[in-house]
Amino acid sequence: MTDKEIFRTLSFITEPALQQAILDKGHLVVSEAGKQVVREGEYVKILPIVLEGAIRVFQTRLDREILLYYVEPSQTCMMSLSACFYNRSSAIEAITTVPTTFLAIPVQYIAEWQRQYVSWNNFVIKTFRKRYDELLDAFESVAFEHIDHRIAEYLNKRRLKENTRLIEISHLQLAKELGTTRVVISRILKQFELQNKVKLHRGAIELL
């Protein structure tokens with residue numbers, strides 16, 4: 001990926017001095033799907049800014065995964081930012097979901113650049129605001145919506161985003177996305193199938 005391509009994705013980075021600092025201090029990481037970027041309990045050494053692909057951010061409690069959010073192109077991880085600022089160990093796991101390219105920024109520059117560069121400061125603030133809103137939405141969904149509504153909403157969001165009615169995901173993966181069990185997912189999807197809302201395939205769900 002060329003410098004021009006990097007800053008076409010990171011169009012919010014407007015100061016030439018900051019662009020040069022990112023090129024000098026950061027480094028590109030090209031990763032296959034399933035690569036661990038941040039491990040829960042370890043101190044964060046780099047801040048990932050996604051250029052291509054996606055990183056899944058989640059917590060594991062009682063052998064169940066709780067999805068927090070996805071980090072997509074031009075975005076970074078709020079929980080990693082927080083750990084950087086306060087020199088704390090990570091409270092989350094972060095794993096690439098598809099082949100992913102990201103900029104790895106050493107943690108010692110995060111606060112320094114926020115003081116020096118307006119566009120970096122705005123990026124940090126917007127990251128916290130966006131993730132706060134997403135986490136609040138996720139909390140409201142878990143607290144107030146029935147699991148069948150959450151499944152339907154998740155599948156419809158995937159349909160719109162990927163522009164396909166065939167959602168490639170296993171029952172176990174869907175359970176991890178929604179913080180429930182495979183048994184619950186399978187039971188509700190079977191109900192959806194009997195209601196002619198979906199057709200179940202091996203490793204995929206077709207929306208009718």
Side-chain angles (χ1 to χ4, degrees), residues 1 5 8-11 29-38 48-61 63-79 92-102 126-127 129-208:
M1 180 172 281
E5 289 172 330
R8 187 181 299 127
T9 300
L10 306 183
S11 58
V29 177
V30 179
S31 172
E32 70 275 12
K35 178 73 173 181
Q36 192 151 36
V37 180
V38 179
I49 304 177
V50 173
L51 300 174
E52 294 176 341
I55 296 174
R56 184 175 184 268
V57 179
F58 63 95
Q59 289 183 314
T60 302
R61 294 293 182 272
D63 296 325
R64 286 167 60 179
E65 291 183 4
I66 302 171
L67 174 67
L68 299 178
Y69 49 80
Y70 283 92
V71 182
E72 297 181 318
S74 80
Q75 299 176 354
T76 192
C77 175
M78 178 194 74
M79 301 297 284
I92 54 90
E93 301 269 352
I95 294 177
T96 57
T97 59
V98 294
T100 299
T101 301
F102 63 88
K126 287 180 180 179
T127 295
R129 180 65 198 186
K130 176 178 173 59
R131 298 308 182 194
Y132 172 81
D133 290 341
E134 289 177 348
L135 291 174
L136 185 59
D137 287 344
F139 171 78
E140 290 178 350
S141 175
V142 171
F144 302 115
E145 291 184 8
H146 292 295
I147 185 63
D148 54 343
H149 294 159
R150 293 172 57 210
I151 293 171
E153 182 179 25
Y154 176 89
L155 293 174
N156 275 315
K157 284 183 177 179
R158 285 280 299 266
R159 176 180 63 83
L160 292 172
K161 182 178 180 181
E162 300 172 13
N163 194 30
T164 178
R165 292 183 177 274
L166 187 66
I167 311 302
E168 295 185 358
I169 190 169
S170 69
H171 293 194
L172 180 58
Q173 289 171 320
L174 184 53
K176 289 181 177 181
E177 292 290 286
L178 298 178
T180 185
T181 65
R182 185 190 60 78
V183 172
V184 170
I185 293 295
S186 297
R187 174 174 55 82
I188 293 174
L189 287 176
K190 190 61 180 178
Q191 291 175 356
F192 284 175
E193 188 173 47
L194 292 173
Q195 296 166 357
N196 292 320
K197 295 180 178 179
V198 304
K199 184 176 182 180
L200 302 179
H201 302 274
R202 185 175 181 84
I205 302 166
E206 183 180 356
L207 306 186
L208 303 179

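With Ser170 contributing its side chain and Gln173 its backbone, the two residues share a donor-acceptor pair below 3.5 Å. Although no hydrogens or angles enter the test, the distance criterion places no donor-acceptor pair under 3.5 Å between the side chain of Thr180 and the main chain of Leu178.
Side-chain atoms of His149 and Glu153, non-hydrogen and from C-beta on, never get closer than 4.5 Å to each other. Looking only at side-chain heavy atoms (C-beta outward), Leu68 and Ile92 come within less than 4.5 Å of each other. The shortest side-chain heavy-atom distance between Tyr70 and Val57 does not fall under the 4.5 Å cut-off. Phe58 has its side chain out of reach of Ile66: every pair of non-hydrogen atoms, C-beta onward, lies at least 4.5 Å apart. Side-chain atoms of Gln75 and Val50, non-hydrogen and from C-beta on, never get closer than 4.5 Å to each other. Leu51 places a side-chain heavy atom less than 4.5 Å from the side chain of Met1. For the pair Val71 and Phe102, the minimum side-chain heavy-atom distance is 4.5 Å or more. Looking only at side-chain heavy atoms (C-beta outward), Ser186 and His171 come within less than 4.5 Å of each other.
Thr100 and Gly53 get closest at one heavy-atom pair: OG1-CA, 3.7 Å. Heavy atoms only, all atoms of each residue included: Leu10 and Ser74 are closest at CD2-CA, 3.9 Å. A pairwise comparison of heavy atoms in Glu52 and Pro73 identifies CA-CG, 4.2 Å as the closest pair. Among all heavy-atom pairs drawn from Ala54 and Glu72, the shortest one is CB-CG, 4.4 Å. Taking all atoms of both residues into account, the shortest heavy-atom contact from Asp148 to Phe192 is O-CZ, 3.5 Å.
Atom CD1 of Ile205 sits about 9.0 Å away from atom OH of Tyr154, to the nearest 0.5 Å. Separating the CD1 atom in Ile167 from the CG atom in Leu155 is a distance of 6.5 Å, to the nearest 0.5 Å. Distance check: Gln59 CD to Glu93 CD gives 9.5 Å after rounding to the nearest 0.5 Å. With rounding to the nearest 0.5 angstrom, the CD atom of Glu206 is 6.0 Å from the NZ atom of Lys199.
Within the structure, salt bridge (Lys or Arg N to Asp or Glu O under 4.0 Å) contacts touching residues 189-198 (residues at least two apart or in different chains) are Lys190-Glu193. Residue pairs satisfying the salt bridge (Lys or Arg N to Asp or Glu O under 4.0 Å) criterion with at least one member in residues 162-171, sequence neighbours excluded, are listed as follows: Arg158-Glu162.
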- Task: I would like to know whether Thr97 and Ile55 meet side-chain contact (heavy atoms from CB on, under 4.5 Å); could you show each step before the answer?
- Result: CA-CA 6 Å; Thr97 59; Ile55 296 174; over 6 Å; no

- Item | Candidate pair Val98 and Glu32, rule side-chain contact (heavy atoms from CB on, under 4.5 Å), full reasoning | CA-CA 7 Å; Val98 294; Glu32 70 275 12; over 6 Å; no

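Taking 4.0 Å as the cut-off between side-chain N and carboxylate O, Glu177 and Arg56 count as a salt-bridged pair.
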